[in-house]
Asks: 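I'd like to ask some things about the structure below.
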There are 2 protein chains.
Amino acid sequence: MPTKKKPQVTPSPERRRELLATAAEVFAAQGYNATTVRKIADAAGMLAGSLYYHFDSKESMIDEILSTFLTELWDGYDAVLAAGLGPRETIEALVTESFREIDRHRAAVAIYQKESRHLATQPRFQYLADSQQKFEKAWLGTLERGVADKTFRADLDIRLTYRFVRDTVWVAASWYRPGGQHSPEEIARQYLSMVLDGIALDT
Amino acid sequence: MPTKKKPQVTPSPERRRELLATAAEVFAAQGYNATTVRKIADAAGMLAGSLYYHFDSKESMIDEILSTFLTELWDGYDAVLAAGLGPRETIEALVTESFREIDRHRAAVAIYQKESRHLATQPRFQYLADSQQKFEKAWLGTLERGVADKTFRADLDIRLTYRFVRDTVWVAASWYRPGGQHSPEEIARQYLSMVLDGIALDT
DNA sequence: ATCCTTCCCTAACAAGTGTTTGGTAGGTTA
DNA sequence: TAACCTACCAAACACTTGTTAGGGAAGGAT
């Protein structure tokens with residue numbers, strides 16, 4: 001006899017995705033800890049206990065939300081990094097890709113922003129710390145390449161620059177609304193224009 | 001007979017400030033909702049109930065933390081805005097002042113960043129919404145003045161620029177550590193250099 | 001007609017939550 | 001010495017939290 005056996009239930013993956021989407025909206029709006037499973041159930045039109053037919057814990061919901069987001073994010077990033085572009089073009093592509101991800105996974109990005117630092121300490125969410133490190137390597141490396149080949153200025157602290165750029169991109173998730181005035185590509189264009197060339201008029 | 005009378009206790013203001021400082025650290029590290037009054041009490045070396053000798057609720061703690069921070073912030077901002085500087089100098093002064101505030105109130109700024117959007121909906125925290133509006137008026141107005149007198153570029157969406165600048169300044173509270181390599185003024189200088197002149201080398 | 005699967009409900013649980021009440025040790029004042 | 005004040009503790013409260021167990025309705029397959 002096997003030591004343990006999960007009850008033989010097979011929830012449909014589509015329903016899971018629906019529920020995860022509404023859960024992500026509530027998490028993003030209220031914060032993970034302030035969100036009770038009853039609020040999620042309310043938003044989904046069911047009772048709290050019924051959620052446990054689809055998921056085995058509240059934690060596994062945010063886990064699945066964040067991990068699927070990061071998986072898709074790195075699909076895009078890896079493609080950009082493998083393209084062999086120059087430093088400036090790489091930065092442009094990464095920023096554009098980032099705003100596209102915000103467009104597609106607004107809620108997940110907002111959750112990531114608020115909770116990742118806190119969650120990354122738990123072993124279950126080790127992949128958050130891993131991802132953050134990979135992230136830093138990709139961006140910092142590109143900036144360094146750019147300084148080396150004189151695409152970027154050499155007089156700025158590159159670590160500070162990295163943090164500023166990174167933060168500015170991702171905080172956008174807190175105010176961005178899909179279907180608004182600006183497309184992700186337009187936002188990326190404006191943002192890149194500011195960071196690369198500055199907002200001051202040359203005198 | 002008056003309808004209600006608070007019990008006649010007079011906690012010392014200095015002790016209050018001490019406790020608020022430790023509470024702010026815990027709030028900033030764990031998030032407001034994830035922080036229990038027992039954790040705060042632990043960090044302060046006392047029991048949960050004892051906190052209620054000094055404060056009448058957990059909510060009033062974060063209230064006092066945020067409101068005193070905002071009061072001091074606006075002292076600095078108002079002084080800058082009243083100085084009658086040009087657009088570029090005003091932006092520089094506001095950014096520098098902001099990083100000084102982050103240096104002084106790191107925990108409060110981190111809390112403000114994470115919880116203000118959520119809290120501002122409650123009547124008790126109306127002043128958060130008020131402050132945010134005043135904030136927008138000050139920054140956006142300065143940027144508009146700069147566009148009008150050709151200090152800043154006219155081809156950028158000014159609202160987007162405002163959001164980028166605002167967010168990047170305040171998110172710094174999440175990674176800034178007082179006593180680190182860079183002084184607030186140095187961070188402000190580098191940040192301004194990036195935003196005003198861009199990171200690309202002129203070709 | 002019977003069985004099985006999917007999906008949700010009802011009802012409860014144990015642990016943890018913010019908060020209150022009454023008490024008390026130690027210092028200051030009368 | 002007595003009265004008082006400050007600052008805390010001990011113990012409980014009412015409530016909310018995530019989670020579980022058992023049941024049942026609907027529909028397709030046999």
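All chains are named by letter (A, B, ...) in the order of the sequence lines, taking the proteins before the strands, and each is independently numbered beginning at 1.
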Asks: Rounding to an integer number of Å, can you tell me how far B:Y53 OH sits from D:dT6 P?
Replies: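 Rounding to the nearest Å, OH of B:Y53 and P of D:dT6 are 5 Å apart.
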Asks: Would you mind checking if A:R163 and A:D157 are paired as a salt bridge, meaning a charged N to carboxylate O distance below 4.0 Å?
Replies: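 Looking at A:R163 together with A:D157, the answer is no, because their closest N to O distance does not fall below 4.0 Å.
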Asks: Within this structure, what is the NE2-to-C1' distance between A:H54 and C:dC8, rounded to whole angstrom?
Replies: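 For the pair A:H54 NE2 and C:dC8 C1', the rounded distance is 8 Å.
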Asks: How is A:T35 classified with respect to the nucleic acid when contacts are heavy atoms under 4.0 Å: base, sugar-phosphate, or nothing?
Replies: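 Sugar-phosphate, no base atom in range.
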Asks: Parallel, tilted or perpendicular: which one describes the rings of B:Y77 and B:W74, with boundaries at 30° and 60°?
Replies: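 Plane angle over 60°, so perpendicular.
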Asks: Measure from CE on A:M46 to P on C:dT6 and round the result to the nearest Å.
Replies: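 After rounding, the gap between these two atoms is 16 Å.
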Asks: Below 3.5 Å, does any donor atom in the side chain of B:R38 face an acceptor in the base of C:dG16, or the other way round?
Replies: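 Answer is no: no donor-acceptor pair is held.
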Asks: Provide, to the nearest angstrom, the distance between the CD atom belonging to B:Q30 and the P atom belonging to C:dT17.
Replies: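 It is 11 Å, rounded to the nearest whole Å.
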Asks: Rounding to an integer number of Å, can you tell me how far A:L47 CG sits from D:dG22 P?
Replies: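 The answer, rounded to whole Å, is 19 Å.
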Asks: If each of A:G49 and A:K39 is mapped to the nucleotide of DNA chain D with the nearest heavy atom, which maps nearer the 5' terminus, i.e. the 5' end?
Replies: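 Result of the comparison: A:K39.
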Asks: Taking only N and O in the side chain of A:Y52, is any of them less than 4.0 Å away from OP1 or OP2 of D:dT20?
Replies: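 It does not, given that no N or O in the side chain of A:Y52 lies less than 4.0 Å from OP1 or OP2 of D:dT20.
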Asks: Determine whether B:S116 and B:L119 satisfy the following criterion, side chain to side chain contact (heavy atoms under 4.5 Å, CB included), listing intermediate values before the conclusion.
Replies: CA-CA 5 Å; B:S116 77; B:L119 289 175; 5.7 Å; no
Asks: Specify the separation, in whole Å, of atom CD of B:E14 and atom P of D:dT6.
Replies: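 Going from B:E14 (CD) to D:dT6 (P), I get 13 Å.
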Asks: At less than 4.0 Å, is any side-chain N or O atom of A:S12 found next to OP1 or OP2 of C:dT6? Yes or no.
Replies: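 The answer is no; no side-chain N or O of A:S12 sits under 4.0 Å from OP1 or OP2.
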Asks: Which atom names give the shortest non-hydrogen contact between B:D197 and A:A200, and what distance separates them?
Replies: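 It is OD1-CB, 4.2 Å.
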Asks: Select base, sugar-phosphate, or nothing to describe what B:S50 touches, counting heavy atoms under 4.0 Å on all strands.
Replies: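 Base contact.
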Asks: Can you measure A:F55 atom CZ to C:dC8 atom P for me and round it to whole angstrom units?
Replies: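 Going from A:F55 (CZ) to C:dC8 (P), I get 11 Å.
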Asks: Give a yes or no on whether a salt bridge exists between A:E136 and A:R159, defined as a side-chain N under 4.0 angstrom from a carboxylate O.
Replies: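 Yes, A:E136 and A:R159 are salt-bridged.
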Asks: In whole angstroms, how far is the P atom of C:dT19 from the NZ atom of B:K58?
Replies: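 To the nearest whole Å, that distance equals 8 Å.
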